[in-house]
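Here the structure is laid out as C-alpha cells; the discussion comes afterwards.
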Amino acid sequence: MALTLHDTLTRQSRTIQPLDGRTLRFYCCGPTVYGPAHIGNFRTFVAQDVFRRVVEMGGLPTLHVRNLTDVDDKTIRDSQKAGQSLGDFTRFWTEKFHADCAALNLLPPHVEPSAVAHIPHQIRMIETLIQRGHAYASADGSVYFKVASYPDYGRLSHLEDRELKLGASTTAGAMDSDEYSKDSLADFALWKARRPEDGPNHWPSPWGDGRPGWHLECSAMSLEYLGEDFDVHSGGIDLIFPHHENEIAQSCCSTHGKFAHHWFHVTHLMVDGGKMSKSLGNLYTLEDLQKRGYHPAEVRYVLISGHYRAPLNFTFHSLDAARQALQKLARFDKALLERGCAASPARGDLAPGPFADAWKTLTDDLNVPGALGAVFGAINRTKPAALTEAEVLACHRGLHFMLEALGLRLPPILDEAAVEVPAEIATLAEQRWNAKQSKDWAAADALRKELDALGWIIKDGKDGYQVMPK
RNA sequence: GGCGAGGUAGCAAAGUGGUAAUGCACUGGUCUGCAAAACCGGUAUGCGCGGGUUCAAUUCCCGCCCUCGCCUCCA
C-alpha cells in the first residue's frame with residue numbers, strides 16, 4: 001500500500017512511511033474537557049480515526065497519542081463556576097467525551113495523556129528552554145518563549161511578517177496587562193503565574209506558583225510518548241497558528257529532534273452554509289442529534305462524506321441522506337449473507353478484492369467521498385445472486401474491508417427494526433388488514449389514510465403487514 | 001491587508017487534457033387491489049465569470065467575482 005497524505009508544511013501530498021520503519025507514530029491535539037464536544041470537533045477526530053484505520057488496514061501498526069487538555073483558562077474558570085474541583089469537573093467531561101467517541105466508532109488512542117498529570121514534564125521543558133536562551137521569566141513569575149530566538153518561527157503557517165499584524169492587534173486593544181511583561185508581543189506563555197481567580201488550581205515551579213501555558217503540554221507529552229521525532233501531527237485547521245507553530249518552536253528548541261515530520265490538518269465543518277456558533281443556535285453536539293432520532297453512525301457518515309481538506313456543509317438533509325446510504329450498504333451486506341457468508345468476517349481475512357478501486361482511492365490522500373462512490377459503484381455492478389461462492393466470499397470480505405477502513409458499522413435494516421406500536425395504532429392496522437383480507441378496498445384505504453394522518457405507514461407483505469412510523 | 005481552502009446537477013460530493021463517479025431527492029418501469037419496500041432504468045451538451053494555450057479544457061495559464069477559515073490560546 002502506498003498511502004499519501006497532504007502535508008501542511010510542504011503543501012504537498014507525501015507518502016506515509018514510518019520513520020522507524022515499523023510503526024507509524026502520530027499525535028493528535030485532543031479536546032479541552034470543559035463541556036460537550038460538538039460535531040465540528042468530531043469532524044477532526046473522525047478524520048484522524050479514518051487516517052489511523054487506513055494506515056492499519058494497509059498493514060502498518062500505529063502508535064496513536066491524543067491528549068486531554070484538562071488544565072487551562074476554560075477548565076479552571078468553568079470548574080470554579082460549577083463549584084467543583086478541577087479534577088472532578090474534567091473527569092465528568094472526559095467521560096462524556098469518551099462515550100461520544102465510542103458511539104462514533106472512534107478507535108481509542110493507545111495513549112491519552114492528561115496535561116495536568118504531566119506538569120513536571122512541562123516544567124523540565126521550560127527549564128531546558130531557559131537554559132538554551134529560548135525563554136525568560138518575567139517579573140510576575142510567568143515564563144515566556146522568546147520567538148525572536150527561533151528563526152524558523154512561522155514556517156508552518158507561512159505568516160512571515162508577524163510584526164505588522166501584532167501592531168494591528170495592539171491598536172485594536174487586544175493587549176492585556178499580562179502582555180506588558182513580555183519582551184515582545186509575539187512571545188507566548190510557557191508558564192502562567194498564579195492569579196487569584198485560579199483558586200486552588202496552581203502548582204509549584206522554579207518561577208513560583210502557577211500553571212503551564214496551553215501550547216506546552218503537547219510538546220512535553222509528544223516527547224514523552226513519541227520521542228523527539230515522530231511521523232504525523234494532526235489537528236483542526238485553526239490550530240496551525242498559533243498552537244502548532246508554538247509547539248514546533250518549543251520542541252525544536254528544547255530537543256535535538258525535528259518534532260513532527262508530517263502535518264495533517266482537517267478543515268472546519270460548516271452548518272447550514274455558515275460557521276457554527278452558539279449565538280446562531282447551530283452548534284450541535286452528538287447528544288443533540290441523537291435526541292432528534294439520528295444514530296451516531298449516521299453522524300459519522302456525514303462527517304466523512306466530504307474530503308477532509310474541503311469545507312463540509314452539515315445539514316439535516318445530509319443526515320437523512322446518510323441514513324439511506326447506510327441502508328443501501330446494509331441491504332447489500334444482507335444479500336451476501338443470504339448467499340452463506342459468515343456474519344462477521346475475521347479481520348485477518350479482510351482484503352479489498354472487488355473493492356480494490358475504492359481502496360486505492362481511499363489511500364490517495366484519504367479520499368473518502370471518492371472511495372464511497374467507488375464502493376457504491378461496485379455494489380451497483382454486482383448482483384449477489386449471480387456470483388459464484390468464491391466471488392460472494394471475496395465480495396463480502398472486500399465490503400467489510402472498506403467498512404472497517406472507514407469505521408462504518410452497518411445499522412439494522414429499517415424494515416426489520418423493532419418498533420413500539422401504540423395499542424390504538426395496532427388496532428387500526430389490524431382492522432385494515434382484515435378489511436383487506438375481505439377485499440373491502442374502500443375500508444382498507446380509508447383506514448390506511450387514517451393511520452397516515454396519525455403518522456404511521458402500513459407495509460404489506462405476503463402473509464402479513466408491518467406498521468412503521470412515517 | 002497577509003496566508004490558506006473552496007465555487008461541479010434540486011441538495012451533497014468525487015474526478016479528469018478528449019467531451020462528467022457516487023449518495024439523497026425527483027421521475028419512468030417491474031411488483032402490488034392500491035401502496036410501501038425492493039429491483040431495473042432516466043435525470044448536468046454542463047463543471048463561478050471573462051480571456052488565453054491546445055486538434056481538444058470543466059481539467060493548464062492569466063485576470064476578475066463570490067463564499068469560508070486563520071492572522072495569539074477556537075477541532
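Numbered from 1 within each chain, the chains take letters A, B, ... in sequence-line order. Values reported hereafter were calculated over all heavy atoms of this structure, with side chains retained and with hydrogens, waters and symmetry mates removed.
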Atom [atom1] of [X] and atom [atom2] of [N]: how far apart are they, to the nearest Å?
X: A:Gln324; N: B:U22; atom1: CD; atom2: P; value: 18 Å
X: A:Phe45; N: B:A75; atom1: CZ; atom2: P; value: 7 Å
X: A:Asp445; N: B:C34; atom1: CG; atom2: C1'; value: 5 Å
X: A:Leu372; N: B:C24; atom1: CG; atom2: P; value: 12 Å
X: A:Glu247; N: B:A75; atom1: CD; atom2: C1'; value: 13 Å
X: A:Trp441; N: B:C34; atom1: CH2; atom2: P; value: 9 Å
X: A:Ile379; N: B:A21; atom1: CD1; atom2: P; value: 18 Å
X: A:Trp433; N: B:C34; atom1: CH2; atom2: P; value: 15 Å

Out of [options], whichever nucleotide has its closest atom nearest the side chain of [X]:
X: A:Ala321; options: B:A5, B:C24, B:A75; answer: B:C24
X: A:His317; options: B:G6, B:C11, B:U22; answer: B:C11
X: A:Thr44; options: B:U72, B:A75, B:C39; answer: B:A75
X: A:Phe241; options: B:C71, B:C24, B:G69; answer: B:C71
X: A:Leu312; options: B:G23, B:A75, B:A13; answer: B:A13
X: A:Asp73; options: B:C70, B:C24, B:C73; answer: B:C73
X: A:Arg331; options: B:G69, B:A38, B:G10; answer: B:A38

Indicate, with a heavy-atom threshold strictly under 4.0 Å, whether [X] touches base, sugar-phosphate, or nothing.
X: A:Arg432; result: base
X: A:Ile458; result: base
X: A:His243; result: nothing
X: A:Gly235; result: sugar-phosphate
X: A:Ser318; result: nothing
X: A:Ile457; result: nothing
X: A:Asp238; result: base
X: A:Pro369; result: base
X: A:His307; result: sugar-phosphate
X: A:Asn367; result: sugar-phosphate
X: A:Lys436; result: base

For A:Cys28, is there any backbone N or O sitting under 3.5 Å from a side-chain donor or acceptor partner on A:Gln48? no

Measure from the side-chain N and O atoms of A:Arg300 to the backbone N and O of A:Leu406, and report whether any donor-acceptor pair falls under 3.5 Å. yes

Hey, does the side-chain of [X] have a donor or acceptor N/O within less than 3.5 Å of a partner on the base of [N]?
X: A:Lys449; N: B:C34; result: no
X: A:Arg448; N: B:C34; result: yes
X: A:Asp460; N: B:C34; result: yes

Considering only atom [atom1], compute the distance from [N] to [M] and round it to an integer number of Å.
N: B:U19; M: B:G28; atom1: C1'; answer: 27 Å
N: B:G33; M: B:C40; atom1: P; answer: 22 Å
N: B:U53; M: B:C68; atom1: C1'; answer: 32 Å
N: B:G2; M: B:G10; atom1: C1'; answer: 38 Å
N: B:C64; M: B:A25; atom1: P; answer: 42 Å
N: B:G69; M: B:A9; atom1: P; answer: 22 Å
N: B:C71; M: B:C11; atom1: C1'; answer: 33 Å
N: B:C73; M: B:A21; atom1: C1'; answer: 42 Å

Please state whether the rings of A:Trp93 and A:Phe89 are parallel, tilted or perpendicular, taking 30° and 60° as the class boundaries.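 Perpendicular, since the angle between the ring planes exceeds 60°.
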
Provide a list of protein-nucleic acid N or O atom pairs under 3.5 angstrom, restricted to nucleotides 40-44 of chain B.
from: B:C40; atom 1: OP1; to: A:Lys383; atom 2: NZ; distance (Å): 2.5

Taking only Lys NZ, Arg NE, NH1 and NH2, and the carboxylate oxygens of Asp or Glu, determine whether A:Lys192 and A:Asp73 approach each other closer than 4.0 Å. yes

Judged by nearest nucleotide, the residue sitting upstream toward the 5' end of RNA chain B, A:Gly373 or A:Ala442, is A:Gly373

On RNA chain B, compare the nucleotides closest to A:Gly40 and A:Gly370; which residue's is nearer the 5' end? A:Gly370

Pick from A:His243, A:His233, A:His244, A:His6: which one makes a ring pair (Phe, Tyr, Trp, His ring centres under 6.0 Å) with A:His265?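 Answer after filtering A:His243, A:His233, A:His244, A:His6: A:His244.
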
I need the single residue from A:Phe26, A:Phe45, A:Phe230 that forms a ring pair (Phe, Tyr, Trp, His ring centres under 6.0 Å) with A:His64. Which is it? A:Phe26

On the nucleotide [N], are OP1 or OP2 found under 4.0 Å from the side-chain N or O atoms that [X] carries?
X: A:Lys459; N: B:A35; value: no
X: A:Asn313; N: B:A12; value: yes
X: A:Arg309; N: B:G6; value: no

Consecutive-pair stems (at least three Watson-Crick or G-U pairs, under 3.5 Å) that include RNA chain B: B:1-7 with B:65-71, B:10-12 with B:22-24, B:26-30 with B:38-42, B:48-52 with B:60-64

A:Lys146 NZ: over 12 foreign heavy atoms closer than 6.0 Å: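 It does not: A:Lys146 NZ has 12 such atoms or fewer within range.
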
Can you confirm whether the side chains of [X] and [Y] place a donor and an acceptor under 3.5 Å from each other?
X: A:Ser138; Y: A:Asp140; value: yes
X: A:Asp364; Y: A:Thr361; value: no
X: A:Arg409; Y: A:His295; value: no

Assess the residue pair A:Val71 and A:Leu86 against the criterion (side chain to side chain contact (heavy atoms under 4.5 Å, CB included)); give the C-alpha distance rounded to whole Å, side-chain angles, the decisive distance to 0.1 Å, and a yes or no. CA-CA 8 Å; A:Val71 52; A:Leu86 182 65; 4.2 Å; yes

Answer with yes or no after comparing the ring centroid distance for A:Phe264 and A:Tyr27 against a 6.0 Å cut-off, counting only values under it.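 No.
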
Output field: ring centroids A:Phe42/A:Tyr284 closer than 6.0 Å: no

For A:Cys253 and A:Phe145, work out which heavy atoms get closest and say how close. SG-CZ, 3.8 Å

